[in-house]
Amino acid sequence: MTSLQQNYREVCAKIREAEAAAHRENGSVHLVAVSKTFPAGDIREVYAAGARDFGENYIQEWYGKTEELADLTDIVWHVIGDVQSNKTRFVAERAHWVHTVSRLKTARRLSEQRPSEMPPLQVCIEVNIAGEPGKHGVAPEEAVALACETAKLPRLQVRGFMCVAEVGAGAEALHNQFTRMRQLLADLNAAGVAADVLSMGMSADMEAAIACGATHVRVGSAIFGKRDYSDK
Ligand SMILES: *Cc1c(COP(=O)(O)O)cnc(C)c1O
């Protein structure tokens with residue numbers, strides 16, 4: 001087993017432990033392995049250990065990887081970075097999931113560009129849960145309304161909400177942010193949208209997120225190692 005495969009196994013084990021600690025069903029939390037900045041060969045290694053869901057932030061970089069990994073036909077691509085208007089077509093044509101919808105304009109383009117022969121694009125609304133200035137995502141107060149509007153688009157399926165918790169938040173602040181996310185999902189359900197996903201929790205805070213109801217954790221460095229952004 002390679003070290004990346006070992007890391008992947010350890011992260012899976014930690015997720016199972018966190019599920020048990022929170023009295024949640026075994027297997028109820030999905031792992032998205034965040035491979036941004038790492039080469040296609042690393043993805044192949046982790047894939048060989050059993051991972052199928054991979055998260056990417058930079059559309060250009062991801063484009064190259066989808067070409068290199070075209071033989072892995074059951075890979076599930078999750079876009080977790082900002083989708084600029086000029087990049088929506090490629091995302092609509094290649095992604096299975098987009099976790100980072102925060103504008104209706106982007107949602108409309110994705111729906112219009114989603115090929116009719118593909119299943120609907122699975123989307124989450126990104127929420128700036130702690131109201132941090134300059135951070136991506138819709139304000140918590142506007143999240144349910146945006147999700148309801150997005151849910152009307154024919155080629156998208158709204159699955160729930162995504163957040164990146166405040167960097168450096170203490171345990172109590174994290175708990176409050178993740179719990180507020182859970183409340184937003186309940187509010188969305190009450191508004192008549194049958195969404196079921198809370199995409200929250202990363203390498204440093206996945207246990208806290210799972211305790212608060214995360215269904216998808218997005219884990220990068222704990223699997224692939226420290227990222228090098230020098231060419232970004
Ligand atoms: C990079 C990234 C992750 C993974 O972060 P790690 O701390 O490496 O686990 C998760 N979500 C988003 C949106 C990211 O950009």
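For ligands, and for the atoms within them, numbers begin at 1 and follow the listed sequence.
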Indicate yes or no: does E67 engage R94 in a salt bridge with an N to O separation below 4.0 Å. yes

List the atom pairs, donor and acceptor, that lie under 3.5 Å between side-chain atoms in residues 77-85 and the rest of the protein, sequence neighbours left out.
| residue | atom | partner | partner atom | Å |
| --- | --- | --- | --- | --- |
| H78 | ND1 | H99 | NE2 | 2.8 |
| H78 | NE2 | D53 | OD2 | 2.6 |
| S85 | OG | K105 | NZ | 3.2 |

Report every pair formed by an N or O atom of ligand 1 and a protein N or O atom separated by less than 3.5 Å, giving atom names and the distance to 0.1 Å.
| residue | atom | partner | partner atom | Å |
| --- | --- | --- | --- | --- |
| ligand 1 | 8 (O) | S221 | N | 2.7 |
| ligand 1 | 8 (O) | S221 | OG | 2.9 |
| ligand 1 | 8 (O) | R227 | NH1 | 2.7 |
| ligand 1 | 8 (O) | R227 | NH2 | 3.1 |
| ligand 1 | 9 (O) | S203 | N | 3.0 |
| ligand 1 | 9 (O) | S203 | OG | 2.5 |
| ligand 1 | 9 (O) | G220 | N | 2.8 |
| ligand 1 | 11 (N) | R218 | NE | 2.9 |
| ligand 1 | 11 (N) | R218 | NH2 | 3.4 |
| ligand 1 | 15 (O) | K36 | NZ | 2.6 |
| ligand 1 | 15 (O) | N57 | ND2 | 2.7 |

Does P115 offer a backbone N or O that forms a donor-acceptor pair with the side chain of R155 under 3.5 Å? yes

With sequence neighbours excluded, give me every side-chain hydrogen bond (donor to acceptor under 3.5 Å, both in side chains) pair touching residues 204-219. S199-R218

Indicate yes or no: at least one non-hydrogen side-chain atom of V123 is less than 4.5 angstrom from one of T150. yes

Can you give me every donor-acceptor pair (side chain of residues 156-174, partner residue at least two apart or in another chain, under 3.5 Å) with its distance?
| residue | atom | partner | partner atom | Å |
| --- | --- | --- | --- | --- |
| Q157 | OE1 | Q122 | NE2 | 3.3 |
| R159 | NE | D196 | OD1 | 3.0 |
| R159 | NH1 | Q122 | OE1 | 2.8 |
| R159 | NH2 | D196 | OD1 | 3.3 |
| R159 | NH2 | D196 | OD2 | 3.2 |
| E166 | OE1 | Q177 | NE2 | 2.8 |

